[in-house]
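Comments concern the structure below.
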Amino acid sequence: MSETFLNLDFAKQKRIVDAALMEFAKHGYEKASTNRIVKEAGIGKGMLFYYFKSKKELYHYLFDYCMKFIISEYLSKIDENERDFIERYKQAGQAKLKANVKNPGVFTFLGSFVVNQNIDLPEKIEKQYKELRTLGYSKIYNNIDTSLFREDVEGEKIFKFIRWSMEGYEKELLQRLQGVNLSTFDATPYWDEFYEYLDDLKKIFYK
């Protein structure tokens, strides 16, 4: 990536990044059009390829950008001092919602990658992505107080039941979202359903 891009004023950088995020999210890597990106961003096509040598380089930059954004605007906001497992899950959901409002293209872009797995990543970025997933996992599951769980079932088992339930829900949700245009769909009903499941799990597994 050209240093010239990083030296652009913030507003122009954001226009280019936002246009590219939504284009890749909406159309996937193969069908994404640099013509549509430059039109939406209000720049010449020659300038886009001056900043980024290829569409693939642009895509890789966006992936790195999204990972850094998620760490700073989402994962860093999760309070690991909250030891109630389900409350932390809710807290994480709220933090994600605020981050999504700040830049919806980030989650749409990464969501389209997770759903469609439509491009290979360089080894360095693949490693960073795995580290991001590990960090996200620890932010949700570390330092949980299992004494809040009901006493007639082993605490560690309840922890696993809740975790498996939510992981299963997330996998089912990904299946339901296969082929969905993530740049335009309304996520509100999914969040409402998510919180409802969490409340039901607390009724089942807590004292």
Side-chain angles (χ1 to χ4, degrees), residues 25 63-64 66-104 106-121 123-180 182 185-207:
F63 212 97
D64 182 68
C66 289
M67 290 190 291
K68 290 176 179 175
F69 178 88
I70 284 176
I71 291 172
S72 64
E73 301 296 332
Y74 168 38
L75 295 180
S76 67
K77 310 297 184 182
I78 299 174
D79 181 10
E80 292 182 74
N81 291 319
E82 172 56 75
R83 303 191 66 203
D84 183 319
F85 183 41
I86 290 178
E87 290 304 315
R88 192 186 298 182
Y89 237 114
K90 286 183 179 179
Q91 181 194 105
Q94 292 163 356
K96 186 174 183 179
L97 182 60
K98 289 180 181 178
N100 192 56
V101 169
K102 188 170 185 177
N103 194 334
V106 168
F107 292 95
T108 305
F109 175 86
L110 284 184
S112 68
F113 172 80
V114 172
V115 170
N116 299 307
Q117 295 285 327
N118 55 1
I119 184 173
D120 292 330
L121 298 173
E123 183 177 345
K124 179 182 178 181
I125 296 180
E126 182 71 36
K127 181 181 178 181
Q128 290 175 330
Y129 182 56
K130 290 179 179 178
E131 290 173 350
L132 177 67
R133 289 171 63 89
T134 299
L135 176 62
Y137 188 93
S138 70
K139 282 287 186 177
I140 297 296
Y141 297 116
N142 281 356
N143 193 36
I144 295 299
D145 182 7
T146 57
S147 71
L148 297 172
F149 300 157
R150 55 189 295 171
E151 296 176 347
D152 55 345
V153 180
E154 184 181 338
E156 188 60 29
K157 287 183 179 180
I158 294 177
F159 184 88
K160 290 180 179 179
F161 287 148
I162 295 174
R163 188 182 71 200
W164 292 339
S165 295
M166 296 318 302
E167 288 176 352
Y169 169 78
E170 290 167 2
K171 288 179 181 178
E172 179 185 320
L173 181 58
L174 287 177
Q175 291 177 348
R176 288 158 59 187
L177 293 177
Q178 284 285 348
V180 171
L182 296 177
F185 92 113
D186 179 11
T188 303
Y190 295 93
W191 281 111
D192 291 341
E193 182 183 58
F194 176 70
Y195 291 137
E196 184 178 338
Y197 274 123
L198 290 179
D199 288 338
D200 288 341
L201 285 171
K202 183 173 281 194
K203 293 174 185 176
I204 295 169
F205 292 113
Y206 278 35
K207 295 176 181 176

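As the structure is a computational prediction, the values presented were derived from the model and not from experiment. Position 1 is the first residue of the sequence, and the numbers go up from there.
How far CG of D199 is from CD1 of I204: 11.0 Å, rounded to the nearest 0.5 Å. Atom CD1 of residue I70 and atom CG of residue L110 lie 4.5 Å apart, to the nearest 0.5 angstrom. With rounding to the nearest 0.5 Å, the separation of CG in N103 from CZ in F109 is 11.5 Å. Within the model, atoms OH of Y137 and CG of L75 stand 14.5 Å from one another, a figure rounded to the nearest 0.5 Å. Atom CZ of F85 is separated from atom CG of N143 by 12.5 Å, given to the nearest 0.5 angstrom. Remark: I158 CD1 to R150 CZ distance equals 6.5 Å, nearest 0.5 Å.
Of the possible polar contacts, one joining the R88 side chain to the N142 backbone as a donor-acceptor pair under 3.5 Å is found. Listed for the Q128 side chain is no donor-acceptor partner under 3.5 Å among the backbone atoms of M67.
Residue-environment remark: NZ (K130) stays at or below the threshold of 12 foreign heavy atoms within 6.0 Å. Within a 6.0 Å sphere centred on CD of E123, heavy atoms belonging to other residues, nucleotides or ligands number 12 at most. More than 12 non-hydrogen atoms from other residues, nucleotides or ligands lie less than 6.0 angstrom from OH of Y195.
Between F161 and W164, the ring planes are perpendicular. Angles over 60° get that label, and only those under 30° would be called parallel. In this structure, F63 and Y129 have perpendicular ring planes: the angle between them is above 60°, well past the 30° mark.
With sequence neighbours left out, K139 forms a salt bridge (charged side-chain N to carboxylate O under 4.0 Å, His left out) with E80. Looking at residues two or more places apart in sequence or on another chain, you find no salt bridge (charged side-chain N to carboxylate O under 4.0 Å, His left out) involving E196. Taking the salt bridge (charged side-chain N to carboxylate O under 4.0 Å, His left out) definition, one finds that R133 meets it with nothing, sequence neighbours left out.
With ring centers used as reference points, F69 lies 6.0 Å or more from Y74.
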Please evaluate residues L201 and M166 with respect to the criterion side chain to side chain contact (heavy atoms under 4.5 Å, CB included), reporting the C-alpha separation (whole Å), side-chain torsions for both, the decisive distance (0.1 Å), and the verdict.
CA-CA 9 Å; L201 285 171; M166 296 318 302; 3.3 Å; yes
Report the C-alpha distance between K157 and F149 in whole Å, list the side-chain angles of each, state the deciding distance to 0.1 Å, and finish with yes or no for side chain to side chain contact (heavy atoms under 4.5 Å, CB included).
CA-CA 10 Å; K157 287 183 179 180; F149 300 157; over 6 Å; no
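A side chain to side chain contact (heavy atoms under 4.5 Å, CB included) with F205 is found for exactly one of V153, I162, D200, I86, namely I162.
What you find for E73 and A99 is that their closest heavy atoms are O-CB, 3.5 Å. Closest non-hydrogen pair, S112 versus A25, comes out as OG-CA, 3.7 Å.
Of the charged side-chain nitrogens involved, at least one lies within less than 4.0 Å of a carboxylate oxygen, so that K202 and E87 count as a salt-bridged pair. In summary, D64 and K68 engage in a salt bridge, as defined by a charged side-chain N under 4.0 Å from a carboxylate O.
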